[in-house]
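To find a chain, count down the sequence lines: A is the first, B the second, and so on, and within it residues start at 1.
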Number of protein chains: 2
Amino acid sequence: MADLARELNVSMTTVSRALSDHFSIGPAMKQKVLKLAKKYNYQPNRMASALRKGKSKLLGIVVPYIEGRFFPSVVHGIEKAASKAGYNVIICQSNEDVAQERRSLDSLLSAQVAGVLVSLSRTTLDYRHFDKLRARGVPLVYFDRVVEGESVNAVVLDDREGGYLSTRHLLDQGCRRIAHLAGPQHLNIYKNRRQGYFDALREAGLPPDEELIVYTDMQQQQGAEAMRQLLAQPSPPDAVFGSGDYCAFGAMQEAKRQGLRVPDDLAIAGFSNESFTLVTEPAITTIDQRCEEMGQAAVRLLLEIIEAQGTLFTPRQVVLRPELLVRPSSQRRVEVAEAVPVLNGRMY
Amino acid sequence: MADLARELNVSMTTVSRALSDHFSIGPAMKQKVLKLAKKYNYQPNRMASALRKGKSKLLGIVVPYIEGRFFPSVVHGIEKAASKAGYNVIICQSNEDVAQERRSLDSLLSAQVAGVLVSLSRTTLDYRHFDKLRARGVPLVYFDRVVEGESVNAVVLDDREGGYLSTRHLLDQGCRRIAHLAGPQHLNIYKNRRQGYFDALREAGLPPDEELIVYTDMQQQQGAEAMRQLLAQPSPPDAVFGSGDYCAFGAMQEAKRQGLRVPDDLAIAGFSNESFTLVTEPAITTIDQRCEEMGQAAVRLLLEIIEAQGTLFTPRQVVLRPELLVRPSSQRRVEVAEAVPVLNGRMY
DNA sequence: TTGTACGCGTTATCAT
DNA sequence: ATGATAACGCGTACAA
């Protein structure tokens with residue numbers, strides 16, 4: 001900037017204003033400055049700007065990990081929305097570890113981020129480390145794995161609705177003994193999916209049967225193990241709603257191994273729309289979590305809060321509607337000819 | 001810092017030095033400062049530090065997108081390695097678009113990153129925008145989709161070896177007419193995979209047959225379409241080596257649809273170890289690309305260059321060895337009982 | 001061992 | 001419409 005100012009025989013103030021399109025600078029001057037800036041390949045130093053203004057153009061993300069389908073897609077959505085708004089995104093992984101989550105937050109604070117998006121680690125039971133953000137006036141939006149309550153900003157999928165839709169669908173297919181592979185109940189996503197399952201049963205006038213609920217860690221093996229338990233019962237289930245695709249798939253494998261036909265003897269539904277659910281035989285009915293929308297919604301909310309800095313902002317919880325994807329694993333009566341499922345995957 | 005200095009009746013210099021563990025500060029003083037810093041919840045301002053020192057603790061990543069299996073895993077590896085070294089990572093997506101790739105670089109320069117990791121967009125044919133980095137003294141490491149040549153720093157998979165291993169394996173299974181679903185040849189990864197295919201054939205004394213090579217965009221549908229073409233030929237192939245898992249899967253579906261048995265009538269191998277390859281029937285033989293290692297290796301190389309700033313550093317190309325994962329889609333003679341394949345996927 | 005004073009690149013304030 | 005100046009938070013050359 002100093003170079004430009006010298007060459008144009010104006011002050012740095014003028015240059016700065018011209019570059020940031022300040023109204024008090026004449027169009028002629030602006031043109032001259034911009035042209036010279038281009039010529040010299042001037043790059044604004046955002047750090048200096050942020051230091052001076054006390055406002056950076058950085059957002060922080062803290063996720064448990066970047067793998068599988070869910071988090072990468074959400075991050076994808078976040079980065080897309082953020083960059084459109086002129087923000088860059090710093091990403092941190094907590095690796096499902098509170099201590100690392102804490103360190104990530106400190107790191108982001110040091111980096112002077114303008115706001116933070118968090119999905120809680122599985123081992124986070126105490127939320128005090130997030131107070132630091134508040135204390136420093138850094139807005140926070142949770143997504144998916146959130147702190148419950150009206151006092152936080154959060155974007156979540158309606159997991160209850162997802163559980164409800166799945167179970168309801170299985171009921172519609174004529175199933176009456178629907179088992180549920182539940183996830184760790186201290187995570188509200190799994191609690192809510194189970195609640196949706198209960199709600200659908202109740203609505204259908206079926207009493208919940210504890211025998212039909214198996215608690216798992218959501219892995220494929222545990223799904224298979226759970227299936228073994230369920231099939232060993234005197235009156236085994238005629239359908240399974242799994243809280244996740246991996247365990248649902250494990251259950252399906254075990255059922256097939258024992259000679260059951262899917263969906264005729266046993267209908268199956270999973271959760272998360274993992275890409276592999278499209279290529280199993282049969283393809284697995286599942287719930288799409290609107291990952292990318294979730295990321296976008298989270299960024300929108302966060303930017304809103306950032307812009308409302310100073311003003312009082314009433315915390316808001318955004319709830320996204322899940323989408324039920326009906327596939328052969330649960331379709332007992334095929335009414336319409338089914339299109340061949342196609343992976344719309346990337347080239348790698 | 002000013003507050004601490006005042007409270008301890010020392011200068012900011014002393015505080016600064018104590019916090020950065022400078023040798024000229026006595027242990028007693030250090031303790032006092034650190035204690036008070038903790039009490040006041042002091043967070044260093046990295047921006048100010050970076051501005052002053054001209055060196056930030058930020059690395060930039062530019063990837064085409066964050067989806068599928070490959071890039072998320074590499075990013076995972078990068079973030080892990082970077083944070084271990086005290087760096088934060090800013091992530092940008094080019095969305096396979098040169099213009100956006102350019103903007104991402106500008107953005108990262110503005111953010112004053114200490115170094116950049118890039119995997120080229122599919123539409124990048126001209127590399128001049130990367131000169132800006134050099135001009136500004138910002139080290140650059142390419143990974144996977146790289147600029148060819150000895151003059152750049154890069155980490156790549158030995159794609160040729162991957163193609164060779166796959167084809168060699170198919171030959172070992174007794175296949176003699178091995179088709180190849182090739183990818184866009186201006187991307188070296190696909191060129192190299194094809195080269196490996198050629199090499200294996202030559203080694204086995206088989207002449208390459210252009211009839212057996214179909215060029216695709218790597219999508220599932222094109223794989224199926226390619227399979228149709230191949231099976232319509234007078235002497236159809238007895239094996240297919242696909243440059244990617246999606247097109248290999250499309251080919252397999254089409255083959256099954258036409259009544260062929262896999263692997264007996266047609267053996268199939270893909271590339272990339274997408275998670276779905278484990279759950280198809282049969283599970284698809286593929287090549288693991290060592291995604292996480294690639295990320296780590298890229299960071300290691302980048303940090304080496306950063307630390308060698310000023311010194312002359314000879315550009316280096318790191319080549320990772322691919323791993324062939326043999327699965328039922330290509331195994332004609334099962335010699336050992338196969339363990340049940342298990343998705344080691346995350347809980348979502 | 002500690003302190004003084006300046007500068008990193010930018011922008012807000014006040015003056016012209 | 002433009003300029004002079006100070007300040008954001010930190011690190012360091014130099015002096016003490």
About how many Å separate CD1 of A:Ile90 and CG of A:Leu117, when rounded to the nearest 0.5 Å?
-> 12.0 Å

Spatial distance of atom CG (B:Leu19) from atom CG (B:Leu34) [nearest 0.5 Å] |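 Separation between the atoms: 6.0 Å.
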
What is the nucleic acid contact for A:Met1, judged by heavy atoms within less than 4.0 Å: base, sugar-phosphate only, or nothing?
-> base

Does the distance from a Lys or Arg side-chain N to an Asp or Glu carboxylate O, for A:Glu293 and A:Arg321, drop under 4.0 Å?
->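 A salt bridge is absent here (no side-chain N lies under 4.0 Å from a carboxylate O).
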
Would you call B:Asp106-B:Arg103 a salt bridge at under 4.0 Å N-O?
->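 The answer is no: the pair does not qualify as a salt bridge.
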
Using a heavy-atom distance cut-off of less than 4.0 Å, which residues of residues 3-31 of chain B contact DNA chain C?
-> B:Asn9, B:Val10, B:Ser11, B:Thr13, B:Thr14, B:Arg17, B:Ser24, B:Ile25, B:Gly26

For DNA chain C, find the residues of residues 37-45 of chain A with a heavy-atom distance under 4.0 Å and give them by number; none if there aren't any.
-> A:Tyr42, A:Gln43, A:Pro44, A:Asn45

With the side chain counted from C-beta on, respond yes when [X] and [Y] share a heavy-atom pair under 4.5 Å apart, and no when they do not.
X        : Y        : result
B:Phe130 : B:Glu101 : yes
A:Leu140 : A:Arg134 : no
A:Arg145 : A:Ser119 : yes
A:Thr124 : A:His129 : yes
B:Leu58  : A:Met47  : yes

Of all nucleotides in DNA chain D with an atom under 4.0 Å from a non-hydrogen atom of chain A, which is the first and which the last going 5' to 3'?
->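 Nucleotide range in contact with chain A: D:dA1 to D:dG9.
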
Within this structure, what is the NZ-to-P distance between A:Lys57 and C:dT11, rounded to whole angstrom?
->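 After rounding, the reported distance stands at 12 Å.
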
Please report, rounded to the nearest Å, how far the P atom of C:dG7 is from the CG atom of A:Leu51.
->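 Between P of C:dG7 and CG of A:Leu51: 17 Å.
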
Please name the residue in the list B:Leu108, B:Val63, B:Ile61 that meets the side-chain contact (heavy atoms from CB on, under 4.5 Å) test with B:Cys92.
->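 When B:Leu108, B:Val63, B:Ile61 are each tested with B:Cys92, the side-chain contact (heavy atoms from CB on, under 4.5 Å) holds only for B:Leu108.
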
Is there a donor and acceptor pair, one atom on the side chain of A:Arg52 and one on the base of C:dT10, closer than 3.5 Å?
->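 Counting by modelled atom types and ignoring angles, no donor-acceptor contact under 3.5 Å is found here.
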
